[in-house]
Protein chains: 2
Amino acid sequence: MPIKLVTQAETILKEQGGRMTSQRKLILEKIESMSGHPTAEEIYLNANQEDPTLNLSTVYRTLRWLTDQSLITPHRFDEERRQERFDATLTGTNKDHYHFQCQQCKNIIEFSSDQMEKIKSIFSSQTGSEVFSAELVFYGVCANCRENRS
Amino acid sequence: MPIKLVTQAETILKEQGGRMTSQRKLILEKIESMSGHPTAEEIYLNANQEDPTLNLSTVYRTLRWLTDQSLITPHRFDEERRQERFDATLTGTNKDHYHFQCQQCKNIIEFSSDQMEKIKSIFSSQTGSEVFSAELVFYGVCANCRENRS
DNA sequence: ATATTATTGCAAATGAATTGCAATATCAAT
DNA sequence: ATTGATATTGCAATTCATTTGCAATAATAT
Ligand SMILES: [Mn+2]
Ligand SMILES: [Mn+2]
Ligand SMILES: [Zn+2]
Ligand SMILES: [Zn+2]
């Protein structure tokens, strides 16, 4: 059971002299409960049902703050490369994972890989750079779409 | 010596009943000659010096077309994740490569990796999906910036 | 309770990329 | 070479996601 987002946020807010508001709490809960990789709009639509006065820019501001605090990770997947999608699951087992997107059904599959460490260390020793994070996205056709296709 | 972009483009255009224009030719030459991963704006600025009547939207249209034809690849790197940057080097030796971006100087280092194939095949056999392309970006600090830092 | 000020809602702004349209240029057919 | 059909351009306007300025509001320390 990973630490809840609200708790992590509260800790950071205290350090920064920030304030926990009802809007933030709501948004954080939604991010945690929503599966997949929702967009700002999707989070807004969902949270707005509970608090109809909640504004879209508050959602954007909160997402930006969470990103800056490394509590969530933004992604841009292929076709919808205009909108950012957010990864809420950055604690515990779901840390450090990569993505596959099916070009047909747009579904995303998450996976992890031990080999990644090796690629990193080879690159590091070859160039003398230090690698902090890695983003890997595969594009292709998922098992489902391979079957149901002409 | 890889096949020139203009040549590849002409072949495809012929198939499609498209036309090779002076603007396209100019843009293609620029993409090929420019190092790094230029933005649409940068390509425009460069090409516009040679043909002052060239319009930015023509550059955008050409880049979109080239992307659709898989003659170039769009990337979005970290901080400037708003603008697309384009990889002209998709033929010959520069095919299938990955990127590292230094978070300090924003420089990009290209690299390739044999391990990647393994990650792909493991993922494929585990999920039954077929992987067509892979995008990997490392973020960190380059050798230069590691030295010159406090 | 009160004062301080971080945060919100709202509306307007931004900025990259796309699009409609009339004018123009390409290219195949003559 | 001339012609005609139409693909492509320049231009201006538009879209769409995201950001921002500001006055009103609400959270926290005292
Ligand atoms: Mn994920
Ligand atoms: Mn590259
Ligand atoms: Zn699929
Ligand atoms: Zn650097």
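- Remark: C1' of C:dT7 and CG of A:L13 are 11 Å apart, rounded to the nearest angstrom.
- Classification of A:E130 and B:R146 as a salt-bridged pair holds, one side-chain N sitting under 4.0 Å from a carboxylate O.
- For the pair A:L63 CG and D:dT20 P, the interatomic distance rounds to 15 Å; values are reported in whole Å.
- For the pair A:V6 and A:R24, the minimum side-chain heavy-atom distance is 4.5 Å or more.
- Side-chain N or O atoms of A:R76 include none that pairs as donor or acceptor with a backbone N or O of A:R85 at under 3.5 Å.
- For A:Y60 and D:dT19, the shortest distance from a side-chain N or O to OP1 or OP2 is not below 4.0 Å.
- Residues meeting the ring pair (Phe, Tyr, Trp, His ring centres under 6.0 Å) test with A:F123, sequence neighbours left out: B:F100, B:F111, B:F138.
- For the pair A:E10 CD and D:dA27 C1', the computed distance is 12 Å after rounding to whole Å.
- By the 4.5 Å heavy-atom criterion applied to side chains, A:L63 and A:F86 are counted as neighbours.
- Looking at heavy-atom distances under 4.0 Å, B:E84 makes contact with sugar-phosphate atoms alone, never a base.
- The distance between atom CG of A:L56 and atom C1' of D:dT18, rounded to the nearest whole Å, is 9 Å.
- Atom CH2 in A:W65 sits roughly 11 Å away from atom P in C:dT8 (whole-Å rounding).
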Could you list all N or O pairs between the protein and nucleotides 28-30 of chain C that sit under 3.5 Å apart?
none

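- To the nearest angstrom, C1' of C:dA16 lies 11 Å from CZ of B:F86.
- A donor and an acceptor atom, one from each side chain of A:E110 and A:H37, are located under 3.5 Å apart.
- For the pair B:R19 and B:L13, the minimum side-chain heavy-atom distance is 4.5 Å or more.
- Taking a cutoff of 4.0 Å between a charged side-chain nitrogen and a carboxylate oxygen, B:E42 and B:K30 do not qualify as a salt bridge.
- D:dA26 atom P lies 11 Å from atom CG of A:D51, rounded to whole Å.
- In terms of phosphate contacts, A:R64 brings a side-chain nitrogen or oxygen within less than 4.0 Å of OP1 or OP2 of D:dT19.
- Comparing the start and finish of the helix from C:dA1-D:dT30 to C:dT30-D:dA1, five pairs each, the helix axis swings through 40°, to the nearest 10 degrees.
- Contacts between residues 20-34 of chain A and DNA chain C, defined by a heavy-atom separation below 4.0 Å, involve A:T21, A:Q23, A:R24, listed by number.
- The shortest heavy-atom contact between B:S35 and B:P38 is O-CD, 4.1 Å.
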Please write out each protein N/O paired with an N/O of nucleotides 11-13 of chain D under 3.5 Å, distance rounded to 0.1 Å.
{"unit_1": "D:dC11", "atom_1": "N4", "unit_2": "B:S57", "atom_2": "OG", "d": "3.4"}

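- Around NZ of B:K106, the count of heavy atoms belonging to other residues, nucleotides or ligands within 6.0 Å exceeds 12.
- Residues passing the ring pair (Phe, Tyr, Trp, His ring centres under 6.0 Å) test with A:Y44: none are found, sequence neighbours excluded.
- In this structure the side chain of A:K120 never reaches within 4.5 angstrom of the side chain of A:F132, judged on heavy atoms.
- Residue B:V59 is the one, among A:G18 and B:V59, whose nearest nucleotide of DNA chain D lies closer to the 5' end (criterion: closest heavy atom).
- Among the nucleotides D:dT19, D:dG10, C:dT26, the one closest to any side-chain atom of B:R19 is C:dT26.
- Panel note: side chain B:S124, backbone B:S129; a donor-acceptor pair is recorded below 3.5 Å.
- No donor-acceptor contact under 3.5 angstrom links the side chains of A:H99 and A:E135, judged on distance only.
- At whole-Å resolution of the value, CZ in B:R85 and P in C:dA17 are 10 Å apart.
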